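The sequence lines fix the lettering, A, B, ..., with proteins before strands; numbering per chain opens at 1. The basis for the numbers below is simple: all heavy atoms, side chains too, and nothing from hydrogens, waters or symmetry mates. All values derive from a computational prediction rather than experimental measurement.
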Protein chains: 4
Amino acid sequence: MSNTFGKIIRLTSFGESHGKAIGGILDGVPANLEIDPEKVQAELDKRRPGQSELSTPRNEKDTIEILSGLMEGRTLGTPIAFQFRNEDANSEDYDHLKNINRPSHADYTLTQKYGIRDHRGGGRSSARETASWVAAGALVSGILENEGIEISTYVSNVGGIEVKDVYRFFQEEEIFSNAVRCPVPEVALQIEEKIKVVKQENDSLGGQITCVIRNLPVGLGEPVFDKLDSSIGKAMLGINAVKGIEFGSGFRAASMRGSEHNDQMEKKEGKVVFKSNHAGGVLGGISSGEDLCFRIAFK
Amino acid sequence: MSNTFGKIIRLTSFGESHGKAIGGILDGVPANLEIDPEKVQAELDKRRPGQSELSTPRNEKDTIEILSGLMEGRTLGTPIAFQFRNEDANSEDYDHLKNINRPSHADYTLTQKYGIRDHRGGGRSSARETASWVAAGALVSGILENEGIEISTYVSNVGGIEVKDVYRFFQEEEIFSNAVRCPVPEVALQIEEKIKVVKQENDSLGGQITCVIRNLPVGLGEPVFDKLDSSIGKAMLGINAVKGIEFGSGFRAASMRGSEHNDQMEKKEGKVVFKSNHAGGVLGGISSGEDLCFRIAFK
Amino acid sequence: MSNTFGKIIRLTSFGESHGKAIGGILDGVPANLEIDPEKVQAELDKRRPGQSELSTPRNEKDTIEILSGLMEGRTLGTPIAFQFRNEDANSEDYDHLKNINRPSHADYTLTQKYGIRDHRGGGRSSARETASWVAAGALVSGILENEGIEISTYVSNVGGIEVKDVYRFFQEEEIFSNAVRCPVPEVALQIEEKIKVVKQENDSLGGQITCVIRNLPVGLGEPVFDKLDSSIGKAMLGINAVKGIEFGSGFRAASMRGSEHNDQMEKKEGKVVFKSNHAGGVLGGISSGEDLCFRIAFK
Amino acid sequence: MSNTFGKIIRLTSFGESHGKAIGGILDGVPANLEIDPEKVQAELDKRRPGQSELSTPRNEKDTIEILSGLMEGRTLGTPIAFQFRNEDANSEDYDHLKNINRPSHADYTLTQKYGIRDHRGGGRSSARETASWVAAGALVSGILENEGIEISTYVSNVGGIEVKDVYRFFQEEEIFSNAVRCPVPEVALQIEEKIKVVKQENDSLGGQITCVIRNLPVGLGEPVFDKLDSSIGKAMLGINAVKGIEFGSGFRAASMRGSEHNDQMEKKEGKVVFKSNHAGGVLGGISSGEDLCFRIAFK
């Protein structure tokens with residue numbers, strides 16, 4: 001299904017960047033889950049562009065309106081519909097682009113595929129669509145919280161300037177201490193400087209994001225097609241401008257020997273413990289209980 | 001669905017490595033497609049291990065038996081079921097592994113997930129399962145042939161010894177000219193030497209495979225969740241031991257400027273032509289008509 | 001998926017009867033289909049209760065707002081989201097029902113299933129939800145129109161007073177000539193009288209609806225699980241208060257001999273013609289080209 | 001998906017009546033469920049035709065072969081593949097039917113849909129396909145048994161001769177005490193007589209089957225699209241030759257008043273008890289805990 005993602009909990013999203021609204025329906029959320037709309041909005045505020053001089057200028061407040069599925073702060077087990085009305089949609093700004101295919105955008109492929117295209121701001125292919133993803137994640141983040149699962153996601157490389165620590169779990173305060181969301185202050189500073197220079201030259205930079213998830217239970221993912229890593233891979237490669245993903249040692253594994261790469265296990269107080277985590281927390285497509293670690297590359 | 005893959009054409013696979021049989025059901029194949037079982041077998045023979053001293057010793061003939069969906073060499077539009085009976089399944093060889101979790105295998109995670117496990121040869125998580133994938137692909141390869149779509153897949157890196165040409169389309173004769181399926185003879189030779197050394201030390205090596213697909217029509221893939229690259233990513237990350245995937249410039253994009261990365265278009269004889277292909281043949285999740293190019297890393 | 005229906009075109013619906021809004025996302029609609037919002041609204045107006053003294057008093061205008069997927073009256077191939085804001089939602093009217101389970105309603109089962117329930121007006125189980133179904137059907141009705149497919153749906157029985165003609169195709173003007181949507185005037189009159197009497201006694205009546213679809217192409221439906229009749233059956237049994245469905249001769253088939261029931265074919269001017277249509281337009285789960293005929297019963 | 005049925009547990013089936021084999025893959029079965037192949041075979045033996053002079057003469061033993069998913073009598077959580085090799089497939093018997101479309105069969109519609117058809121014994125549309133359904137049900141029947149859920153299914157009407165008791169739960173011994181599987185001996189006798197007469201005239205008879213399921217928990221089924229009754233309806237209407245289904249009062253509801261039909265509830269020892277069951281065990285698409293009762297009509 002083209003506009004639906006997920007198995008147990010499923011997001012169906014809609015909306016063109018400069019249409020009336022974007023949003024989605026989140027189905028499969030269990031009943032009686034507490035949801036605090038303010039917390040959801042707080043997550044959305046982190047995604048919102050236009051917060052610093054380093055990002056794109058469009059200024060949408062992205063205020064979420066929840067239309068169904070909740071009663072008195074609790075889920076009903078019914079679908080949760082939400083939307084973001086478009087406010088800063090200056091459609092006329094795009095009139096000059098009506099017949100132009102911008103390089104590195106979906107303009108050309110969308111037109112070829114559908115024979116029609118909403119040319120305003122990328123239409124359906126706008127990165128603005130990810131607001132619905134963030135909303136979906138924020139709405140059900142309580143499920144992870146209840147299980148003690150924690151996620152650390154941060155910018156680890158911009159234009160080749162990178163965080164040296166591999167798969168370190170950084171705290172949210174460290175990550176959000178600066179405009180580029182890079183948790184190592186000196187790297188963040190260099191990145192900011194580089195972005196400013198490149199921006200003045202009307203250019204942009206690629207980068208990487210690192211994600212470390214801890215306290216996942218053992219056993220998530222299926223042994224064959226719906227492996228945990230391939231499912232996450234599908235999600236991540238679906239984010240606009242992502243060009244690659246690697247788990248654990250990833251592409252470096254190509255140059256490693258099996259003996260180096262294999263994570264040995266031992267029993268400690270009756271519990272299996274891994275001595276290393278080259279696998280990145282997944283064995284045979286199933287979570288091993290170690291930190292789930294991956295990295296994605298953006299153009 | 002855990003054991004089903006695909007949207008229009010769907011493979012549901014079954015089987016444990018050392019059970020009675022492995023196989024699958026391929027559904028959604030259009031009627032009246034010609035299928036030559038010998039060609040299918042020829043593809044399967046390429047996958048089969050035990051063909052050189054460089055690979056694992058298990059020797060299964062993997063002779064496909066097609067049970068349904070065909071009549072007089074043509075598809076009926078009904079599901080095509082196929083199976084491989086296991087012959088070289090020396091289950092006793094695995095008795096000593098019954099209570100042992102091999103590192104870098106799914107043994108530990110399978111047991112934790114299901115509370116029961118077929119310990120013989122990896123059970124459901126055996127790479128032998130990919131025989132069903134190859135069968136599925138080979139059965140419908142005529143659809144690609146009819147459209148003139150060609151695929152070049154080859155080993156481009158083993159243990160750090162790599163093919164220098166990036167995303168070159170090699171012919172099948174070049175690729176299969178040696179035991180390691182690396183189309184550049186001098187690189188192939190070095191790789192063979194290295195594998196022999198490492199094998200003597202009871203060790204193994206990681207590697208990379210490069211894939212180049214040409215003559216794809218413009219317009220494959222969906223703008224949001226079922227992007228062409230994210231769907232291929234899911235498939236590739238589902239192959240046993242794969243740790244990463246990148247499209248086009250991939251992880252190198254992180255160090256590039258937008259101006260370097262953007263593939264400019266021009267019109268030649270009324271047709272859009274791209275001057276470069278850093279995107280790897282996909283724009284906004286939709287095929288651009290350029291060669292689709294990706295690389296995967298194995299541990 | 002609990003709140004998604006359809007294979008090629010899929011409706012995901014949301015909303016509780018007295019929440020902020022109900023609506024849905026229609027996905028899979030081809031690009032470049034003309035949609036006239038006024039025609040869609042006209043179909044919705046037919047569904048709207050409160051139009052005569054014979055139906056329930058709630059008066060929602062059910063004005064559709066389309067949020068995405070359209071540009072200048074044409075579909076973009078992207079999901080079409082729509083919603084109905086609730087206006088006449090007098091939630092306080094339902095306060096006395098908070099802890100009461102009305103017989104023949106979902107109150108009891110919803111509470112048992114989810115442990116929480118929106119008690120206002122049936123919540124998610126309100127028949128108001130069918131407004132989203134009507135919207136979905138109306139949005140894509142142009143596809144049927146372009147193929148010349150016509151649907152005749154009418155009340156054929158209320159409280160035992162019934163239309164004698166079996167599976168006759170009535171015109172829309174005949175059906176909508178009276179408040180009960182029964183195309184035979186004298187039957188309609190009797191039904192109206194009966195409803196008035198029963199309503200005064202604070203009671204209600206069961207009924208039947210007959211549907212005849214003509215000009216369907218041969219070949220719709222799958223031979224095994226997704227048969228045309230079983231798929232329609234699933235849809236119809238999903239309408240609130242429906243207790244049964246039969247195709248063609250239906251339950252009367254139980255008392256018939258095969259020789260009576262079998263629809264003989266003959267060739268007329270090179271075309272296969274059926275001499276009767278006891279099958280109701282479907283053979284082996286696939287449309288035969290004859291009128292598709294079925295009947296549903298309401299409590 | 002055309003050849004897949006089910007949500008949590010899914011059957012994907014394959015096979016043409018006179019091909020090499022028919023069978024299926026059952027996916028989603030939990031691990032560690034005990035399965036006794038002999039019990040499965042016993043259920044299949046009940047379905048097998050050719051057991052009395054009253055049914056079709058084809059004599060297939062339908063011996064199930066389980067290919068995967070089991071180890072030492074327990075499920076592994078992996079897909080369970082099974083097959084029935086065709087033995088009594090006298091394909092030549094069908095040569096005269098190659099270009100003939102039998103009335104009341106799928107011959108004509110299959111040919112029109114696919115442009116190709118396995119004409120032997122109905123091909124994919126043969127009722128023999130239901131052997132795979134029976135196998136699937138029998139394989140997981142232990143899940144119902146563990147919950148104390150019991151199913152009573154019996155012939156309640158053949159050619160108009162019918163069982164008077166409505167939705168009575170009959171024991172298996174009563175049902176299988178005669179060749180027509182009608183649990184009321186005097187009705188069974190009349191039916192047998194009638195079938196013999198009609199058979200001599202080379203004709204056949206329609207009929208009805210009644211199903212009563214007891215001890216279902218409250219809460220099965222979804223409030224909107226995947227209602228319990230609409231899902232069962234889809235399954236039942238998928239059985240070859242079924243022309244209708246009704247739940248509880250069904251088509252008789254059309255002639256009833258709401259006050260007659262509504263099942264009143266009362267509290268007995270703290271538990272909700274229904275005073276009647278016109279609804280047939282389902283309210284708003286969700287099981288009410290009362291007996292689930294339905295009836296299907298065959299041509």
Side-chain angles (χ1 to χ4, degrees), chain B residues 1-4 6-33 65-86 91 110-111 113-120 123-125 129 132, chain D residues 1-4 6-33 65-86 91 110-111 113-120 123-125 129 132:
Chain B
M1 288 200 192
S2 6
N3 293 285
T4 299
K7 268 177 73 175
I8 297 173
I9 296 177
R10 295 165 299 278
L11 170 65
T12 301
S13 83
F14 72 87
E16 285 73 51
S17 178
H18 287 62
K20 274 202 180 174
I22 65 164
I25 299 177
L26 196 62
D27 201 4
V29 180
N32 272 307
L33 182 73
E65 184 186 18
I66 298 174
L67 299 169
S68 68
L70 289 189
M71 197 171 65
E72 295 159 17
R74 286 180 172 276
T75 55
L76 291 163
T78 61
I80 303 170
F82 59 85
Q83 64 180 19
F84 306 96
R85 291 274 163 176
N86 290 325
S91 302
L110 280 179
T111 309
K113 184 178 180 74
Y114 296 110
I116 186 173
R117 174 168 67 91
D118 184 347
H119 61 285
R120 300 165 303 167
R124 181 74 185 137
S125 290
E129 208 273 326
S132 296
Chain D
M1 288 199 189
S2 8
N3 294 285
T4 300
K7 269 178 70 176
I8 297 174
I9 296 177
R10 295 165 301 278
L11 171 65
T12 301
S13 83
F14 72 88
E16 286 73 51
S17 178
H18 288 63
K20 274 202 181 174
I22 65 164
I25 299 177
L26 196 61
D27 200 5
V29 180
N32 271 309
L33 181 72
E65 185 187 17
I66 298 173
L67 298 170
S68 68
L70 289 188
M71 197 171 65
E72 296 160 17
R74 288 180 170 275
T75 56
L76 290 163
T78 61
I80 303 170
F82 59 86
Q83 64 180 18
F84 306 96
R85 292 273 164 178
N86 290 327
S91 302
L110 280 178
T111 310
K113 185 178 179 77
Y114 297 109
I116 186 173
R117 173 169 67 91
D118 183 346
H119 61 283
R120 301 166 302 167
R124 181 75 184 133
S125 291
E129 209 273 326
S132 296

Would you give the length of the straight line joining atom CZ of D:R10 to atom OG1 of B:T4, rounded to the nearest 0.5 angstrom?
6.5 Å
Between D:A21 and B:S68, which heavy-atom pair has the shortest distance, and what is it?
O-CB, 4.5 Å
Chain D contact via B:R85 - which portion, at a heavy-atom distance below 4.5 Å:
side chain
Roughly how far apart are B:I80 CD1 and D:F14 CZ, rounded to 0.5 Å?
12.0 Å
If every non-hydrogen atom of B:P79 is compared with every non-hydrogen atom of D:S13, which pair is closest and at what distance?
CG-O, 3.3 Å
Between NE2 of B:H18 and CE of D:M71, what distance do you get to the nearest 0.5 Å?
13.0 Å
To the nearest 0.5 Å, how far apart are CG in D:N3 and CG in B:L26?
11.0 Å
Looking at B:D118 and D:L76, what are the two nearest heavy atoms and their distance?
N-CD2, 3.7 Å
Between the OG1 atom in B:T75 and the OH atom in D:Y114, the distance rounded to the nearest 0.5 Å is 10.5 Å
Shortest non-hydrogen contact from D:A31 to B:I116?
CB-CG2, 3.9 Å
In terms of heavy-atom proximity below 4.5 Å to chain D, should B:I22 be classed as side chain, backbone, both, or neither?
neither
In terms of heavy-atom pairs under 4.5 Å, which option from D:K113, D:R74, D:R117 contacts chain B the most?
D:R117
Separation between CG of B:L70 and NZ of D:K20, rounded to the nearest 0.5 Å
10.0 Å
Under 3.5 Å: donor-acceptor pair, side chain of B:E16, backbone of D:G69
yes
B:T78, B:I25, B:I66: which one forms the most heavy-atom pairs within less than 4.5 Å of chain D?
B:I25
